[in-house]
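Predicted model, so just to flag it, every value in this text is computed and none were measured.
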Amino acid sequence: RNNPSCADVYNRLLDVDMSYAEQLKYAHEAQSEFPRSIFFNKFKSVEAKVFLPELNMQFKSRFICGDSMEIKLNYRNCNIVTFKILGEDVPINAKNQSFELQPSSDYTFCEKIVRLAPLSAGKYKIVTEAKGVTDTCEIHLTTLKLIFMPLPDGRTRIVVVDNKSGYPVGNCKIFIYEEEGGRCKVPYKKIGWVKTDESGVAILETGKGKFVRAFLNKKDETEIMSIQDNYYYRHSENKQKIITLYTDRSIYRPGQVVH
C-alpha cells in the first residue's frame with residue numbers, strides 16, 4: 001500500500017491517453033491505495049478533471065434575419081444550457097433561452113442542435129452558460145446581400161438584394177472605401193458613396209475604391225467587403241455566362257408557375 005513504486009505506476013498510467021471513465025477508475029484506485037503518496041494531489045486533480053463541465057458552440061449555418069438561428073453545442077457534464085442575447089431591441093422571448101441537455105454516462109462529449117428565436121437586423125452578442133462554463137460569440141445580422149459584377153469598361157455593377165427573398169433593394173446607400181496604409185487603427189478610409197436605383201443596382205466607377213459597405217439604416221448594414229471577394233467577380237479572359245435567378249418563393253407545388 002505504501003510502496004512508492006506502485007504509486008508511481010498509477011502516476012505514469014494516468015499520463016497515458018485513455019477514456020474519461022478509465023481515468024476516473026484508476027484515479028479512484030490510486031487515491032484509495034496510496035493516500036500518503038506524493039502523487040495524491042495529482043490523483044485528485046485527474047478525478048476533478050473527469051467531472052469538469054465543458055461547453056462550446058458552433059454555427060451550423062449562416063443566420064438570416066427573421067429565421068430561427070441554428071447552433072450546434074458540444075458539451076459534457078452539463079444538463080442545461082442558457083443563452084443570453086445582448087444587443088439593442090432584443091425581443092423578450094429571445095433575451096434568455098434555456099435548453100435541456102443529456103450528458104453521457106461515460107463523461108464524453110455530446111452534440112446537440114438548438115434553435116434560437118429569430119432576431120432582426122443588428123449586432124448581437126450571444127453568451128452561453130452551463131454549470132458556470134461560458135462561451136461567447138458576436139454575430140452581425142443584415143437583410144442585405146451584395147453581388148458584384150465587373151463591366152467591360154472597368155466599372156463594377158453592384159446589385160443589392162434581400163438575402164432571404166432575393167428581391168432587389170432600392171434606395172440603399174453603398175459607401176465606398178479604400179485601404180489605409182501603414183499601421184492605421186482604422187484600416188479603411190471612406191471616399192464616397194452611391195445609391196442603388198429602384199432595381200437595386202448601383203455602378204462603381206473605375207478606380208473608385210475596392211471596398212464597399214451597404215447601408216439601409218443604422219441597424220441594417222453589411223460589413224466592409226472587397227468587391228473582388230465574391231463568386232460573381234471575374235478577371236478571367238475566358239468568356240463566361242453567369243446567371244443569378246431569384247424566384248418569388250422557395251418551394252412550389254406540382255403544376256404551379258415559377259415567377
Side-chain angles (χ1 to χ4, degrees), residues 4 6-142 163 223:
C6 294
D8 188 47
V9 170
Y10 277 94
N11 174 53
R12 294 175 182 272
L13 181 63
L14 289 172
D15 287 333
V16 177
D17 186 20
M18 64 178 71
S19 69
Y20 288 113
E22 291 174 320
Q23 290 181 42
L24 183 61
K25 173 187 174 182
Y26 293 125
H28 271 317
E29 289 181 3
Q31 291 180 74
S32 176
E33 294 292 330
F34 310 105
R36 297 181 180 179
S37 169
I38 59 174
F39 305 114
F40 185 78
N41 287 336
K42 176 181 178 178
F43 301 152
K44 289 184 64 176
S45 67
V46 169
E47 179 183 28
K49 182 181 178 182
V50 171
F51 293 120
L52 187 71
E54 296 187 63
L55 171 73
N56 64 75
M57 58 180 168
Q58 299 175 355
F59 299 127
K60 184 72 173 180
S61 59
R62 68 188 182 95
F63 297 149
I64 296 179
C65 297
D67 285 356
S68 60
M69 299 183 293
E70 189 174 281
I71 292 179
K72 182 170 76 171
L73 295 174
N74 294 297
Y75 68 92
R76 70 184 192 93
N77 300 328
C78 302
N79 51 22
I80 190 168
V81 61
T82 300
F83 289 83
K84 294 182 179 180
I85 313 297
L86 308 177
E88 294 184 12
D89 302 325
V90 179
I92 295 178
N93 68 319
K95 286 185 176 181
N96 292 280
Q97 303 171 63
S98 296
F99 301 88
E100 290 186 358
L101 303 175
Q102 295 293 332
S104 64
S105 59
D106 58 358
Y107 316 104
T108 56
F109 275 95
C110 303
E111 291 185 359
K112 182 180 178 69
I113 302 296
V114 299
R115 292 184 178 275
L116 303 184
L119 294 172
S120 58
K123 295 181 179 181
Y124 305 92
K125 177 182 286 187
I126 301 178
V127 181
T128 59
E129 191 276 331
K131 282 193 172 182
V133 180
T134 61
D135 192 14
T136 305
C137 71
E138 295 182 354
I139 61 172
H140 181 188
L141 298 180
T142 178
N163 65 10
E223 301 284 358

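Nearest approach of D135 to N56, heavy atoms of both residues: OD2-CA, 3.4 Å. Pairing each heavy atom of M18 with each of Q23, the nearest pair is O-NE2, 3.2 Å. Minimum interatomic distance between P53 and C78 (heavy atoms only, all atoms of both residues): CB-SG, 3.9 Å. Nearest heavy-atom pair across F43 and S37 is CE1-OG, 4.3 Å. The two residues C110 and P103 make their nearest non-hydrogen contact at SG-C, 4.3 Å. The two residues A117 and A94 come nearest to each other via the heavy atoms CB-CB, 3.9 Å.
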TODO: Go through the steps to decide whether I113 and E70 satisfy the test side chain to side chain contact (heavy atoms under 4.5 Å, CB included), and finish with yes or no.
DONE: CA-CA 7 Å; I113 302 296; E70 189 174 281; 3.4 Å; yes
Open item on the list: Let's go through D15 and K42 carefully: what are the C-alpha distance in whole Å and the side-chain angles of both, what is the deciding distance for side chain to side chain contact (heavy atoms under 4.5 Å, CB included) to 0.1 Å, and is it a yes or a no?
Closed with: CA-CA 10 Å; D15 287 333; K42 176 181 178 178; 2.7 Å; yes
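Residues R76 and L52 have side chains in contact (heavy-atom distance under 4.5 Å, counting atoms from C-beta outward). Put simply, the side chain of L55 does not reach to within 4.5 Å of the side chain of K131, judged on heavy atoms. Using a 4.5 Å cut-off on side-chain heavy atoms (C-beta onward), K84 and N96 make contact. Side-chain contact between V81 and M57: absent, with no pair of heavy atoms (C-beta onward) separated by less than 4.5 Å. Put simply, the side chain of T136 reaches to within 4.5 Å of the side chain of K125, judged on heavy atoms. I71 is listed as a side-chain neighbour of F59, based on a closest heavy-atom distance under 4.5 Å. The closest side-chain heavy-atom distance from H28 to E47 is below 4.5 Å. No side-chain heavy atom of I126 sits under 4.5 Å from any side-chain heavy atom of Q97.
Atoms CG and CD1, on D8 and I38 in that order, are 7.5 Å from each other to the nearest 0.5 Å. One finds the CD atom of Q58 at 9.5 Å from the CG atom of L73 (value rounded to the nearest 0.5 Å). In this structure, CG on N11 lies 13.5 Å from CZ on F40, to the nearest 0.5 angstrom. One distance of note links CZ of F109 with CG of N74; it measures 7.0 Å at 0.5 Å rounding. Interatomic distance, D67 CG to L119 CG, rounded to the nearest 0.5 Å: 11.0 Å. Rounded to the nearest 0.5 angstrom, Q102 CD and I80 CD1 are separated by 11.0 Å.
The backbone N or O of V50 lies less than 3.5 Å from a partner atom in the side chain of N77, making a donor-acceptor pair. A donor-acceptor distance shorter than 3.5 angstrom exists from the side chain of N163 to the backbone of T142, with no hydrogens or angles considered. Checked by atom type and distance alone, the side chain of E111 never pairs as donor or acceptor with a backbone atom of K72 at under 3.5 Å.
Sequence neighbours left out, the pairs with a member in residues 65-95 that pass ring pair (Phe, Tyr, Trp, His ring centres under 6.0 Å) are F83-F99.
The ring-ring contact (aromatic ring centres under 6.0 Å, His included) search around F51 returns Y107, not counting sequence neighbours.
Note: Y10 and F39 fail the aromatic proximity criterion, with ring centroids not under 6.0 Å apart.
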